[in-house]
Colleague: 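To start, I am sharing the structure in question, which I have written as structure tokens.
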Protein chains: 2
Amino acid sequence: MAPAALTPESSGTSTPTTTTASKLTEAGIKHASHNSNGQTGDLAPLDASLMTTTLNKNLKTVPEFDGPEAKAQKTMTDHMVSALWTIEHGWAAPELKPYGPLSIMPSASVLHYATECFEGLKLYRGYDGRLRLFRVSRNCARMCRSASRIALPDFDPQELEKMIVALCARDGPRWLPKDRAGCFLYIRPTMIATDSALGVQRPREALLYVILACFPDMSKSLASPAPPAMRGEANGHSKASPGLRLIASSEDTIRAWPGGFGYAKVGANYGPSLVAQGEAKAKGFDQVLWLFGGDDYVTEAGASNFFVVLREQSSGKLQLITAPLEERMILEGVTRASVLELARERLTKTQEGVESVEVVEKRFNMGDLIAAYEEGRFVEAFAAGTAFFVAPVSVIHFRGRDIAVPMDGDSGVYARLIKQWLSNIMYGKQQHEWGVVVEEETE
Amino acid sequence: MAPAALTPESSGTSTPTTTTASKLTEAGIKHASHNSNGQTGDLAPLDASLMTTTLNKNLKTVPEFDGPEAKAQKTMTDHMVSALWTIEHGWAAPELKPYGPLSIMPSASVLHYATECFEGLKLYRGYDGRLRLFRVSRNCARMCRSASRIALPDFDPQELEKMIVALCARDGPRWLPKDRAGCFLYIRPTMIATDSALGVQRPREALLYVILACFPDMSKSLASPAPPAMRGEANGHSKASPGLRLIASSEDTIRAWPGGFGYAKVGANYGPSLVAQGEAKAKGFDQVLWLFGGDDYVTEAGASNFFVVLREQSSGKLQLITAPLEERMILEGVTRASVLELARERLTKTQEGVESVEVVEKRFNMGDLIAAYEEGRFVEAFAAGTAFFVAPVSVIHFRGRDIAVPMDGDSGVYARLIKQWLSNIMYGKQQHEWGVVVEEETE
């Protein structure tokens, strides 16, 4: 009988042998070898257990939470993790190493063809002293779906999750110390095609990496009134007021389309939205409310999912409504899914001291919102996503008129409730399977 | 009277004074200063006259034309030109320097949000021994339009043209020597947002650069038959045959949409097209024929514009048809414009020994093509763009059936004629205003 390592029967798993693994660990940036069974086309899978570690000897000063460095969004922590993929060898051993610039050829695919995708999530310092991620497996699974939409390589999402955890375990203790309960860092997994061939073609080389950023608390900055000069110019509500102010997109700028890639977190969804976003800000609004089609189907708010609570005309019942995923125009947000799940679990019966709501994923359009507003059936609206968390909406501007969305103080009632529930899970006030504890490096 | 350089009246042009210019030239990568009139907000414009030069001391071996290095599309010439823009200072002095990797922060806008645009054109070595660009001012003007669609900074397109010319003048003589008449290099102007802030926002820093590549002659590779294994699998035409083989896009993948950015040469148009392109190649086709909407409107072929010649049913006259620009879904190709202009000038009356054609920019759909094919009115089809030049199309595969596009040997008659006319201008066989001669550096 042939040696076990050479028989296909005994090498059915993709785990490299110990020998291969240690060789790879030493190799660092170099390509991972073929698996030991030597089968043609059997490329190395992404394997976080092979990760090498090079610690940063020049640690930065950790800035205050939500201070000027966080608002500039340019301060990353001391380390990053990355893994190189090539079409010839598959995934190299991941590296945890000092944060620093990437060396990218001017001809690289990512700089020309937007062969790039990313994720956004947060690392939370709980009130119980522990570090937590929120439903991180969902972000990792979505990263795979995004990558496949732009011809970037596949990987086991659990291995990306391990890379994220390793970085958080390393930099979390110092950058998010125990006296910062209720604070967070922003986590940005990214994949880019580093292939230096200039042709328009499937990339043959890519880099997956994760960085950790000091990020502002956008939900707080929205709750506190913005400078009067930026508020109330475009409508009759001239008082400084909390809540997101949205302006509906114009007919000549559309974010996504059926058959496009609106569902994927790919760079191509963002760059083309920046002009409209800049125009919105110049007019005193916070974000664009993206409409689609001749009937002004309401899709997303900025880079967040969008929810409304309306009282249904016929039944008189409340509905929590957001746009559906089927047409693949809407980002399948982790916060979106969590809002829907919590609302279905806790709001569909009268409890929590509020009127029950029906939870509905369906198309709705500006006409529906205007009718509800005019008939006093518009109860509240909010955006939901990682960056803005659950952000109440106070104004929707649409073709020269305003919808003044009702607020109960600085938020709608349902937005406040859902935000609190989510926050409790993220910061460990409620032990919940969505809150994934990160064991911290102690050295 | 105040010194001339300080009076607004005499500093109305954007040309800096000699003093400023020499200071900037020394400054190299550093930011350009404000103009000498010192007005607030008067940012430095892009100014090629300030260009600094650092020559490469390790010149590469120049590979053969259209050889393996060109096919790999990874070989760039010895130099590149670049200019940095910041929101605080405007454009720094451009630099001509050795080609090499860029240092880009992992958080840079371009790696996450597809804040990137580019151009593609060629440098031709003429049969009269001179180097030429083809209508380069059109590429530079389009680069500005593309940049503005993704919130990248504006510049005077003539200054980009001067940067392109400077690079071609430097590397053209050695990489495209006089004994390579009829050969070309590929020019890739690029702009990327290098802003290291992670927020989804208008970039505050960008890099404009131009590189020169050894590029394969794709029009030749198409004219010669591909390996039989790659041909004729998906249809009844099993013989190896010249001409592009196109497969119509499926309903679940569209390239562009009204209100999107199909007209702009931005990265976001390319990455999301690679999966469909890869699937097309796997099925034995060369490119995707991009359809739009329920009536299968025919838009582009791969990354090229698409033309058909049909005999009109009612009048019996020939029409050269391509998709219109009004809806801003179609790339405003320089080759497209040149095909249309030459056809209008030379083909609308019976001359050149061929039947006259009417030149029409209008929507047409797959139904029109199928009807023309079935009724014997489909005369020819070709793709037109910089990379593939004028490429005859031999097959269009659409939902399980093939349209065998008529060919006259290795091309349709009109494609051959137009290609020859354009080639004559590019390679100096016909002196024409579209052919822009580059004066070569003699040192």
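Every chain is numbered from 1 and lettered A, B, ... according to where its sequence line falls, protein lines coming before strand lines.
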Colleague: So which part of Leu102(A) gets closer than 4.5 Å to some heavy atom of chain B, the side chain, the backbone, both or neither?
Modeller: both
Colleague: For each of Pro106(B), Pro203(B), Ala72(B), Ala264(B), tally heavy-atom pairs with chain A at distances under 4.5 Å, and name the one with the top tally.
Modeller: Pro106(B)
Colleague: For Ala256(A), is it the side chain, the backbone, both or neither that has a heavy atom under 4.5 Å from a heavy atom of chain B?
Modeller: backbone
Colleague: If we define contacts as heavy-atom pairs under 4.5 Å, which of Arg149(B), Met80(B), Arg202(B), Gln277(B) has the most with chain A?
Modeller: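 The answer is Arg149(B).
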Colleague: Quick check: Phe184(B) with Phe389(B) (ring centres under 6.0 Å apart)?
Modeller: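 Here the rings of Phe184(B) and Phe389(B) have centres that are no less than 6.0 Å from each other.
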Colleague: Chain B heavy atoms under 4.5 Å from Arg255(A): which part of the residue, side chain, backbone, both or neither?
Modeller: backbone
Colleague: Aromatic contact between Trp290(B) and Tyr297(B), with the criterion being ring centroids under 6.0 Å apart: yes or no?
Modeller: no
Colleague: Of the backbone (N, CA, C, O) and the side chain (C-beta and beyond), which part of Pro272(A) lies under 4.5 Å from a heavy atom of chain B, both, or neither?
Modeller: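 Both parts, backbone and side chain.
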Colleague: State whether the side chain of Gln73(B) and the backbone N or O of Phe215(B) hold a donor-acceptor pair below 3.5 Å, judged by distance alone.
Modeller: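 Not a single qualifying donor-acceptor pair exists.
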Colleague: I need the minimum non-hydrogen distance between Ala384(B) and Ser304(B), along with the two atoms involved.
Modeller: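 The pair with the smallest heavy-atom distance is O-CB, 3.6 Å.
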Colleague: Considering only heavy atoms, which portion of Asn269(B) lies under 4.5 Å from any heavy atom of chain A: side chain, backbone, both, or neither?
Modeller: neither
Colleague: Would you please say whether a donor-acceptor pair under 3.5 Å links the side chains of Tyr270(B) and Lys265(B)?
Modeller: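 Yes, because at least one side-chain N or O of Tyr270(B) sits under 3.5 Å from a partner of the opposite role on Lys265(B).
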Colleague: So for Ala213(A), is it side chain, backbone, both, or neither that comes closer than 4.5 Å to the heavy atoms of chain B?
Modeller: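 The answer is the side chain of Ala213(A).
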Colleague: Measuring heavy-atom distances to chain A, does Thr190(B) have an atom under 4.5 Å in its side chain, in its backbone, in both, or in neither?
Modeller: side chain
Colleague: Of the backbone (N, CA, C, O) and the side chain (C-beta and beyond), which part of Met76(B) lies under 4.5 Å from a heavy atom of chain A, both, or neither?
Modeller: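 Interface part for Met76(B): side chain.
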Colleague: Less than 4.5 Å to any heavy atom of chain B: does that hold for the side chain of Ile192(A), its backbone, both, or neither?
Modeller: side chain
Colleague: Most heavy-atom pairs under 4.5 angstrom with chain A, which of Thr115(B), Thr75(B), Val200(B), Leu152(B)?
Modeller: Val200(B)
Colleague: Among Met105(B), His112(B), Lys74(B), which residue has the highest count of heavy-atom pairs closer than 4.5 Å to chain A?
Modeller: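 Between Met105(B), His112(B), Lys74(B), the count favours His112(B).
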Colleague: For Arg328(A), look at atom CZ and say whether over 12 heavy atoms of other residues, nucleotides or ligands are found less than 6.0 Å away.
Modeller: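 Result for CZ/Arg328(A): open.
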Colleague: Quick check against the 3.5 Å criterion: does Asp195(B) have a side-chain atom that pairs as donor or acceptor with the backbone of Arg204(B)?
Modeller: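 Checking the backbone N and O of Arg204(B) against the side chain of Asp195(B), a donor-acceptor pair under 3.5 Å is found.
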Colleague: Between Leu198(B) and chain A, which part of the residue has a heavy atom less than 4.5 Å away: side chain, backbone, both or neither?
Modeller: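 Contact with chain A: backbone and side chain both.
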Colleague: Heavy atoms only, distances under 4.5 angstrom: which of Gly278(B), Gly260(B), Cys117(B), Pro258(B) has the most pairs with chain A? Name it, please.
Modeller: Pro258(B)
Colleague: Heavy-atom distances under 4.5 Å only: say whether Leu111(B) touches chain A with side chain, backbone, both or neither.
Modeller: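 Backbone plus side chain of Leu111(B), per the 4.5 Å heavy-atom cut-off to chain A.
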Colleague: Check each atom of Ser250(B) against the heavy atoms of chain A and say whether the ones under 4.5 Å are side chain, backbone, both or neither.
Modeller: neither
Colleague: Looking at Pro216(B), Ala268(B), Gly302(B), which one has more heavy-atom pairs under 4.5 Å with chain A than the rest?
Modeller: Ala268(B)
Colleague: Keeping His79(B) on the side-chain end and Asp171(B) on the backbone end, is there a donor-acceptor pair under 3.5 Å?
Modeller: no
Colleague: In this structure, is the centre-to-centre distance between the rings of Phe118(A) and Tyr209(A) below 6.0 Å?
Modeller: no
Colleague: Could you tell me whether Trp257(A) and Phe292(A) have their ring centroids closer than 6.0 angstrom?
Modeller: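 Yes - the distance between ring centres of Trp257(A) and Phe292(A) falls below the 6.0 Å cut-off.
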Colleague: Taking the side chain from Glu300(B) and the backbone from Leu331(B), do they hold a donor-acceptor pair closer than 3.5 Å?
Modeller: yes
